[in-house]
Structures are given as structure tokens and as C-alpha cells.
Amino acid sequence: MKNTIRIQRAIKNITQAELAEMIQVSRQTINTIESGKYVPSTVLALKMARVFDKPVEEIFELEEMDYS
Amino acid sequence: MKSKFLFPAWYSIVGYLLTVPGFILGYLYEFNDYKIPGFGFEMRKSSDLILNKFENFTNELAVFLVIIGLIFIAFSKRKKEDELSAKLRLNALYWSIMFYYIVYLIGYIYTMIGEIPIIEEHFSTINLFTPLIIFIVRYHYLLAINKDSYLVPKLKFLPYKPFKQLSMALSILSFIVLGIFLLKDMESAWFTPFTNVLYFVMISSTLAWAFSKNKIEDELTMQLRLESLQMAVYFNYAIILIATLVFYSIDYLVVLLIAQFSVLFFFVIRMEYINYKNNHLLKTVEGRFES
């Protein structure tokens, strides 16, 4: 799964730490999601969408390998 | 949450085919003193007090069949392995490890005072399989009650303050002191009340360490807990299986003793290691942005 969190953060001008604070997870979690190592739950994805004020599909995008 | 390191679904059938005969064989050996005739060979020139001239492999075979079988049953994929089954797996692993250690600690207190009622000296043999059996029972129970509804019971952990740091310090301290005592005099040091109590403190504080919250507990932590618990169980049984193959009598018992706390130690060490690694990653990312 691809994500655009880094870009969205740049648009909103917030750091990983601030985002982590807003959605009540650790900074490590934000970093691992951003680098594509961890796929967040729906709840977390929706919380991010609310912070960025964008639909979830603009933040996360499925890839071919997600179906295998 | 995602399940990792699992066997293909058909392994569970193989698992039952290994476990059932293994259990029957193990029961016959343990309680009726049955040995498969001719299943062994002359290992040594002569018998002494502990080691027999002839070594029969009936019990080793039984241990092998049961452990490998149970691992296949416990850790083979479901037909549709999804996020829900991963959640159920974590829940079942959590219960199995915690129950196992609580039972172990209670058993340990009994052996310090005297004999354990009912199962007596079979305690360590039975305890070999308890984590896997509790896991299988709990997991299938959760699957059964989740047929119609998707409620997964929430896991409870000790609060971060003060348990995490306190238990961590106590665990490391008792480990070091115990290590020093045992290195000084392996034979006699082990049986003193002081080292017995120290061992008890070490196990219980490591248990508290493993089951207390991180500073920030989120879904990634849960995913890491699932992976680490599962790897710890694999690690533990790898030790036991290798020990069954390679070691005999006293050496074997020493390795079994190590195996008693290997699950917990592997778990806490892996969790701390991943934590360190992720922190390191985070630092490099932050460093790149600052410069």
C-alpha cells in the first residue's frame, strides 16, 4: 500500500511528532506507517484523514501486491 | 493486524496425525513405563548411576511427535487467514503465555515447599506442552464464539507507571545476581533457598515486564506483540527439540530449565530491540529534516 502522508504533512505543515500527538499514537508508529512498513487500521486511517481534511483514498492507495 | 510466520492450512491435519499417537506413546512411557522394544542402541561402554548403557528413544520420539504436531496445529493458517484471525491469535497467545507462567510459578512455589499435589513429579513433563495446548484451546474457543459476532475480548496490561521500569530493573538485576551465583558454584548454588527465591523473582518480574504497557501503547505495539510472542514460542520449542536430540539426563534438565524462561526473555528482548530499531529510524528521519 502506498501513502502520501509525508506530502499531506508538508501541506498542513505538521511534524511526525505533532501528527502522532493528534491521533494518539507513538512517533515510531507514524514513521513506520509513512515508510510503508506498517498498514494502519481503519480507525487510524480515518483519524489521519480527519487531520488532513482529505478522503482516505487520497492518503492511502492500494497496490497490486496487496491482493496477493 | 497481520499474521506472519504461519504454516499452510493443511499442516493442521498433519499436526493431529502426529500429536495423537505421540500423546498415547508419551502417556504409556510416563505412566506405564512402556518402551518400544529395540528402539535404541548401546550409547556407552557401561552404565553408571545416571546414564544407562542402553538408551531407548521412546520418550524422545513421543516429545518430538507431540511438540511438532501441536506447533503445526497451533500455527497453521486458517482457510481464510485475515485480520480478525490475527487478533484472535494475539489474544490466545497472550493467554497461553500468561497462564503458562502463572501455573509454572505456582508449581515452583509448591516444589520449594514439597511435592505438587496430583501430578507430582510429572510437572515438568506436562509443562512442556501447556503453552501450546492453552493456545490451541483458547484460539479455537475464540473462533467458535466469533462465528456470528465479531467481538474480540480486549487484552489487559499492567500500567506503564510504575510497573514497566520497576519490573525491568528487577528482572535484569535478579538475572545478573543469579548468573554470578551460578557461575561461582553451579552445583551447590542452585539448591539454596536464596537462589530459589531469586529465580522466582526473576521469572515473575520478567512476566510483569512482558505484560506491562509501553509509554504509548498503540496498534503497532499490538502487532509487534503478536509477532514477538509467536517467535518466542518458536524459539522456545526449537531449544527443546534440539535439546531432546542432543542432550541427556542432567544436561537435558539444565536446557529444559533454560527453556522455562526462554519465551519471556526472547519476547522482552525482541520488543526492546524493535523499539530501539524504530527509534533509530525515527532519529535518522528527524535528523534529515533538521539539517
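In what follows, chains carry the letters A, B, and so on, assigned in the order in which the sequence lines appear, proteins first and then strands, with residues in each chain numbered from 1.
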Any side-chain heavy atom of Gln24(A) sitting closer than 4.5 Å to one from Asp218(B)?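 Contact flag for Gln24(A)/Asp218(B) side chains = no.
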Just so I know, are the side chains of Leu282(B) and Gln16(A) near enough to count as touching, which here means a heavy-atom distance under 4.5 Å?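 Yes; the side chains approach each other to less than 4.5 Å.
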Which atoms of Gln223(B) approach chain A - backbone, side chain, both or neither, heavy atom under 4.5 Å: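 Side chain of Gln223(B) only, per the 4.5 Å heavy-atom cut-off to chain A.
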Which answer fits Asn275(B), side chain, backbone, both or neither, if we ask what part of it has an atom under 4.5 Å from a heavy atom of chain A?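 Interface part for Asn275(B): both.
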Is the backbone of Gln28(A) close enough, under 3.5 Å, to the side chain of Asn278(B) for a donor and an acceptor to pair up by distance?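 No, because the side chain of Asn278(B) does not come within donor-acceptor range (under 3.5 Å) of the backbone of Gln28(A).
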Test your reading of the model: is there a side-chain donor-acceptor pair from Glu219(B) to the backbone of Pro40(A), 3.5 Å cut-off?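 Checking the backbone N and O of Pro40(A) against the side chain of Glu219(B), no donor-acceptor pair under 3.5 Å is found.
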Gap separating the CD atom of Glu217(B) from the OG atom of Ser26(A), nearest 0.5 angstrom: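 Separation between the atoms: 9.5 Å.
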Atom CG of Leu224(B) and atom OG1 of Thr32(A): how far apart are they, to the nearest 0.5 Å?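 So the gap between those two atoms works out to 8.0 Å.
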Can you establish whether the number of heavy atoms outside [X] located under 6.0 Å from its atom [atom1] is more than 12?
X: Phe157(B); atom1: CZ; value: yes
X: Lys87(B); atom1: NZ; value: no
X: Lys77(B); atom1: NZ; value: no
X: Phe5(B); atom1: CZ; value: yes
X: Phe99(B); atom1: CZ; value: no

Run the side-chain contact (heavy atoms from CB on, under 4.5 Å) check on Leu281(B) and Asn31(A) step by step: do they pass? CA-CA 8 Å; Leu281(B) 264 173; Asn31(A) 195 41; 3.8 Å; yes
